[in-house]
Participant: 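Just dropping this structure here.
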Amino acid sequence: MKNEQVSKLIYNFNKDSFQADLISWFNKEQRQLPWREDKDPYKIWVSEIMLQQTKVDTVIPYFARFIERFPTLNDLAAAEEQDVLKAWEGLGYYSRARNLQTAVKEVAASYDSKVPEDPKALGSLKGVGPYTKGAILSIAYDQPEPAVDGNVMRVLSRVLMIDEDIAKQKTRRIFEECVQEIISPNNPSAFNQGLMELGALICTPSSPSCLLCPVRQHCKAYAEGVQQDLPIKSKSKKQKKVEYFAFIVKDQTGRYLIEQRPEKGLLANLWQFPMAPFAETDEEHAAGWFEQVYGLKITINGKVDDIKHVFSHLIWDVTVMEATVEEGSLRTSQSKFVPSQELKDYPFPVSHQKMLKHAR
DNA sequence: AATGCGGGGCA
DNA sequence: TGCCCAGCATT
């Protein structure tokens with residue numbers, strides 16, 4: 001979509017009235033949220049990272065614990081990565097946590113521990129993309145920058161009746177151009193947050209509450225009765241299924257074997273119980289596979305669980321087995337035996353938290 | 001431009 | 001079950 005087409009979209013759109021209606025609604029109806037208690041750019045930043053692809057209700061307890069544990073940017077910069085991951089445990093998309101700490105260290109080292117107000121500097125930080133950059137600049141620093149997330153695309157696709165596919169990367173730029181045209185120069189913070197709050201509370205994906213909407217009279221889709229048909233979004237692919245055995249292995253002193261995952265890829269740097277893909281072995285040869293990989297002879301006592309875990313792009317089906325060590329010494333460097341009471345100090349993905357009940 | 005990356009809640 | 005969620009990095 002070209003620039004002139006965006007101009008055409010907002011031609012004869014009453015933006016002054018739209019801004020006033022949206023902002024007064026937001027000032028009145030906004031939820032009280034922990035990250036709205038002050039304008040500390042560090043806290044705004046943490047909240048925006050946590051909120052990526054994650055619901056507000058999920059984030060609230062994590063945000064509270066995280067800020068209690070790392071109250072300032074310098075506290076986070078100085079922390080051990082394992083402690084940061086532990087604070088993120090269960091929230092998902094763990095590269096967010098590692099990127100955030102990388103970026104915070106950069107701010108401490110290069111920007112005197114002050115979150116940059118310069119868009120280019122801010123946007124170059126690890127994990128800070130177009131949305132997060134705009135959110136921090138507008139909410140913490142009152143700059144009239146667009147902050148286009150899924151809510152904003154849904155709301156504006158209806159208000160301006162835009163039928164571009166919001167699943168496509170480049171579509172975001174169209175909405176950014178629209179926001180630049182209609183954003184309130186006086187209160188960009190309330191304007192951007194108002195669009196998102198409207199998307200979360202009123203202009204919902206299914207059955208939007210148009211009769212309660214403060215900007216209904218500005219909404220082209222409502223006028224045409226097509227609000228249910230927007231936004232347009234192409235379908236995502238189905239997840240692939242992968243099957244594993246997992247081993248809850250206890251040694252003679254009652255400690256359990258865990259290992260750290262690789263530093264890149266799925267669940268990077270998190271800890272887990274050893275796993276064997278079905279592609280590499282079967283139930284009959286599992287003990288042999290284990291000895292070959294870990295250097296330990298084990299006795300498998302039996303299957304104790306079957307865990308199905310759904311990711312955004314794949315599905316794990318994990319057959320959990322209990323085993324005891326007979327002899328041998330550990331071959332891999334990233335694995336170790338840990339007393340059961342210390343398991344809680346390691347960050348586990350949720351799939352393996354479900355197995356913890358078999359280890360104590 | 002397409003894919004990898006988590007986990008929870010809801011119709 | 002499928003969809004959606006205050007997206008970003010990598011290829």
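If you're wondering where the values come from, they're calculated on a predicted model, not measured in any experiment. Letters A, B, ... are given to chains in the order of the sequence lines, protein chains preceding strands, and every chain is numbered from 1.
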Participant: Can you tell which of A:F278, A:F311, A:F245 makes a ring pair (Phe, Tyr, Trp, His ring centres under 6.0 Å) with A:W316?
Facilitator: A:F311

Participant: Expressed in whole Å, how much space separates the P atoms belonging to C:dC8 and B:dG8?
Facilitator: 22 Å

Participant: Separation of A:Q30 atom CD from C:dA6 atom P, in whole Å?
Facilitator: 16 Å

Participant: Rounded to the Å, how far apart are A:F175 CZ and C:dA6 P?
Facilitator: 15 Å

Participant: If you assign A:F348 and A:K240 each to the DNA chain B nucleotide with the nearest heavy atom, which residue ends up on the more 5' nucleotide?
Facilitator: A:K240

Participant: What nucleotide, of B:dA2, B:dG7, C:dA6, holds the atom closest to the side chain of A:V350?
Facilitator: B:dG7

Participant: Taking only the C1' atom of each, what is the distance from B:dA1 to C:dC5 in whole angstrom?
Facilitator: 23 Å

Participant: Could you go through the side-chain hydrogen bond (donor to acceptor under 3.5 Å, both in side chains) check for A:N99 and A:R96 one step at a time?
Facilitator: CA-CA 5 Å; A:N99 289 341; A:R96 291 184 295 176; over 6 Å; no

Participant: Using distance alone, with no hydrogens and no angle criterion, decide if A:E106 and A:T102 have a side-chain donor and acceptor under 3.5 Å apart.
Facilitator: no

Participant: C:dC3 P sits how many Å from A:M153 CE, rounded?
Facilitator: 17 Å

Participant: For B:dC5 versus C:dT1, give the span between their P atoms, rounded off to a whole number of Å.
Facilitator: 23 Å

Participant: When the C1' atoms of C:dA6 and B:dA11 are considered, how many whole Å apart are they?
Facilitator: 22 Å

Participant: For A:W45 and C:dC8, give me the distance from atom CH2 to atom P, rounded to whole Å.
Facilitator: 13 Å

Participant: Any side-chain N or O of A:H313 under 4.0 Å from OP1/OP2 of B:dG4?
Facilitator: no

Participant: Rounded to the nearest angstrom, tell me the gap between atom CG in A:L51 and atom C1' in C:dC4.
Facilitator: 14 Å

Participant: Do the ring centers of A:Y62 and A:W88 come within less than 6.0 Å of each other?
Facilitator: no

Participant: Hey, which sits more toward the 5' end of DNA chain C by its nearest nucleotide, A:Q239 or A:S312?
Facilitator: A:Q239

Participant: Tell me whether the side-chain N/O atoms of A:Y93 come closer than 4.0 Å to OP1 or OP2 in B:dG4.
Facilitator: no

Participant: Hey, what's the ring geometry for A:F247 with A:W289, parallel, tilted or perpendicular (30° and 60° as the breaks)?
Facilitator: parallel

Participant: Is there a donor and acceptor pair, one atom on the side chain of A:T58 and one on the base of B:dG7, closer than 3.5 Å?
Facilitator: no

Participant: Hey, does the side chain of A:R154 come within less than 4.0 Å of C:dC4's phosphate (OP1/OP2), counting only N and O?
Facilitator: no

Participant: Roughly how far, to the nearest 0.5 Å, is CD1 of A:I162 from OG of A:S157?
Facilitator: 7.0 Å

Participant: Would you say A:Q169 reaches B:dA1's phosphate, i.e. side-chain N/O to OP1/OP2 under 4.0 Å?
Facilitator: no

Participant: With a 4.0 Å limit, can you tell me whether A:T132 has a side-chain N or O closer than that to the phosphate oxygens OP1/OP2 of C:dC8?
Facilitator: yes

Participant: Mind calculating the distance between CD (A:Q53) and P (B:dG9) to the nearest angstrom?
Facilitator: 16 Å

Participant: Rounded to whole angstrom units, what separation is found between the CD atom of A:E176 and the C1' atom of C:dA6?
Facilitator: 14 Å

Participant: Please determine if a side-chain N or O atom of A:K237 lies less than 4.0 Å away from the OP1 or OP2 oxygen of B:dT3.
Facilitator: yes

Participant: When you measure from the side-chain N and O atoms of A:K126 to the phosphate of C:dT10, is any distance below 4.0 Å, counting only OP1 and OP2?
Facilitator: yes

Participant: Starting at CG of A:D149 and ending at C1' of C:dC5, how long is that distance when rounded to a whole Å?
Facilitator: 9 Å

